[in-house]
Amino acid sequence: MRNAKEKQNPVKLIIIGCILAALIVGFYFYIANKMQGNGEEDVKATKSQQVLMRNLNTNYPPSPREVLKYYCEIIQCLYNEPHTDEELEKLAKQIQLLYDDEFVENQTEDLYLLNLAGEIAELNKKDMKISSYTTSSSTDVETFTKDNYEWARLYCMFNIRKGTDMLATTERFLMRKDEAGHWKIYGWELAEN
């Protein structure tokens, strides 16, 4: 009887050793993944930083609707988030890359930045934030040709929170395709209900 028990002991020891080794390896991977996850959270970019990471020279929005969606993302950053003067300037320059050259030429960069900062301050004073936006569907984009240019007309509804109240406003955007084939915002106006 003693010989049978002695033979079982090494088998038990091997099984227990394997279980302990698996637990140690599992614990190591748990700790390693948890530490890696914490590092990613520390590096999370703000919405403004994410918007600014887009390189419009290599990744320009391909359609009028996509241009408008990116424009709205920048607008939300401008009007909803606090930023430094440097970040405000970068966002202003990024949004100007979506504008038609004729539109940009209507005012100097300094005047544009001054007006933009004034608009942002005014909305903040009124406690207004752009909570969401809805662009025209791709099938609702009206395209036409005039003066040897391709044009697009589309709409965007902005939902604005003012304190606890919600307001909605719809704007009509006009875009023109430039020589590089990019849709640029030519202008916009408040749409009639």
Side-chain angles (χ1 to χ4, degrees), residues 45-83 87-109 111-124 126 128-162 166-193:
T46 66
K47 180 135 172 99
S48 293
Q49 291 167 337
Q50 291 172 5
V51 164
L52 289 171
M53 283 186 222
R54 185 172 189 163
N55 181 348
L56 292 177
N57 291 327
T58 58
N59 189 18
Y60 195 86
S63 68
R65 185 171 186 263
E66 292 301 315
V67 170
L68 186 55
K69 284 172 64 176
Y70 186 59
Y71 168 84
C72 291
E73 288 177 28
I74 298 172
I75 289 294
Q76 278 189 310
C77 292
L78 284 167
Y79 291 102
N80 293 358
E81 294 184 3
H83 3 66
E87 208 171 35
L88 176 66
E89 188 174 332
K90 286 180 181 178
L91 286 166
K93 285 182 179 180
Q94 189 78 347
I95 205 166
Q96 283 187 308
L97 294 174
L98 299 176
Y99 293 157
D100 187 89
D101 290 341
E102 284 184 35
F103 185 75
V104 173
E105 291 171 1
N106 284 331
Q107 57 186 331
T108 66
E109 190 174 313
L111 182 60
Y112 174 74
L113 197 56
L114 185 66
N115 289 337
L116 182 61
E119 287 177 22
I120 292 168
E122 186 66 28
L123 281 182
N124 286 335
K126 293 179 180 178
M128 296 175 81
K129 303 284 182 205
I130 300 171
S131 61
S132 64
Y133 62 87
T134 306
T135 62
S136 299
S137 69
S138 56
T139 57
D140 290 334
V141 176
E142 177 190 346
T143 57
F144 57 96
T145 303
K146 183 178 179 184
D147 300 328
N148 294 324
Y149 287 104
E150 288 184 60
W151 298 84
R153 186 177 294 120
L154 62 162
Y155 294 83
C156 184
M157 184 175 77
F158 293 96
N159 294 309
I160 301 168
R161 183 181 47 80
K162 182 178 181 182
M166 289 297 287
L167 311 166
T169 182
T170 302
E171 294 182 0
R172 180 177 29 245
F173 285 80
L174 183 63
M175 295 187 193
R176 179 169 72 171
K177 193 180 269 192
D178 69 5
E179 293 171 359
H182 296 143
W183 289 100
K184 300 286 189 155
I185 297 172
Y186 193 75
W188 63 89
E189 63 186 359
L190 197 59
E192 297 176 10
N193 291 336

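- Remark: Lys184 engages no residue in a salt bridge (Lys or Arg N to Asp or Glu O under 4.0 Å) (not counting sequence neighbours).
- There is no side-chain donor-acceptor pair under 3.5 Å between Asn159 and Ser131.
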Run the side chain to side chain contact (heavy atoms under 4.5 Å, CB included) check on Ile95 and Ile185 step by step: do they pass?
CA-CA 10 Å; Ile95 205 166; Ile185 297 172; over 6 Å; no
Any chance you could lay out the side chain to side chain contact (heavy atoms under 4.5 Å, CB included) test for Ile75 and Tyr79, step after step, and finish with the verdict?
CA-CA 6 Å; Ile75 289 294; Tyr79 291 102; 3.5 Å; yes
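- Minimum heavy-atom separation, His83 to Ser48: CD2-OG, 3.9 Å.
- Using modelled atom types, one side-chain atom of Gln94 and one backbone atom of Arg54 make a donor-acceptor pair closer than 3.5 Å.
- A donor-acceptor pair is defined here as one N or O able to donate and one able to accept, closer than 3.5 Å; no such pair exists between the side chain of Glu119 and the backbone of Leu116.
- Between the side chain of Arg153 and the main chain of Thr143, no donor-acceptor pair closer than 3.5 Å is present.
- Taking the side-chain contact (heavy atoms from CB on, under 4.5 Å) definition, one finds that Ser138 meets it with Arg65, sequence neighbours left out.
- By the 30° and 60° cut-offs, the orientation of the rings of Tyr186 relative to Trp151 is perpendicular.
- For the pair Asn124 and Lys129, the minimum side-chain heavy-atom distance is below 4.5 Å.
- Pairing each heavy atom of Arg176 with each of Asp100, the nearest pair is NH2-OD2, 2.9 Å.
- Contact check for Lys47 versus Glu81: side-chain heavy atoms found under the 4.5 Å cut-off.
- Glu150 places no side-chain N or O within donor-acceptor distance of the main-chain N or O of Phe144, the cut-off being under 3.5 Å.
- Atom CD1 of Ile130 sits about 6.5 Å away from atom CD of Gln76, to the nearest 0.5 Å.
- The two residues Leu91 and Leu78 come nearest to each other via the heavy atoms CB-CD2, 3.6 Å.
- Gln49 CD to Thr46 OG1: the interatomic distance, rounded to the nearest 0.5 Å, is 3.5 Å.
- Between Leu56 and Tyr70, the closest side-chain pair of non-hydrogen atoms falls below 4.5 Å.
- No hydrogens or angles considered: a donor-acceptor pair under 3.5 Å links the side chains of Arg172 and Tyr155.
- In this structure, Asp178 contributes its side chain and His182 its backbone to a donor-acceptor pair below 3.5 Å.
- Under the ring-ring contact (aromatic ring centres under 6.0 Å, His included) criterion, Tyr71 pairs with Phe173, Trp188, sequence neighbours left out.
- Here the options are Leu52, Val51, Leu97, the test is side chain to side chain contact (heavy atoms under 4.5 Å, CB included), and the partner is Ile74; only Val51 passes.
- Looking at Glu142 and Leu154, their side chains never come closer than 4.5 Å, going by heavy atoms from C-beta outward.
- Taking all atoms of both residues into account, the shortest heavy-atom contact from Met175 to Pro64 is CE-O, 3.3 Å.
- Under the 4.0 Å criterion applied to side-chain N and carboxylate O atoms, Glu66 and Lys69 are assigned as salt-bridge partners.
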Decide yes or no on side chain to side chain contact (heavy atoms under 4.5 Å, CB included) for Thr169 and Met157, but give the supporting numbers first.
CA-CA 6 Å; Thr169 182; Met157 184 175 77; over 6 Å; no
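- Of all heavy-atom pairs between Tyr133 and Thr135, the closest is CD1-CG2, 4.1 Å.
- Asp147 places no side-chain N or O within 3.5 Å of a backbone atom of Tyr149 that could act as its donor or acceptor partner.
- A 4.5 Å side-chain heavy-atom check between Leu167 and Met128 finds at least one atom pair inside the cut-off.
- Contact between Val67 and Pro61 at its shortest, heavy atoms only, is N-CB, 3.5 Å.
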Could you walk me through whether Gln96 and Glu109 pass the side chain to side chain contact (heavy atoms under 4.5 Å, CB included) check?
CA-CA 9 Å; Gln96 283 187 308; Glu109 190 174 313; 4.0 Å; yes
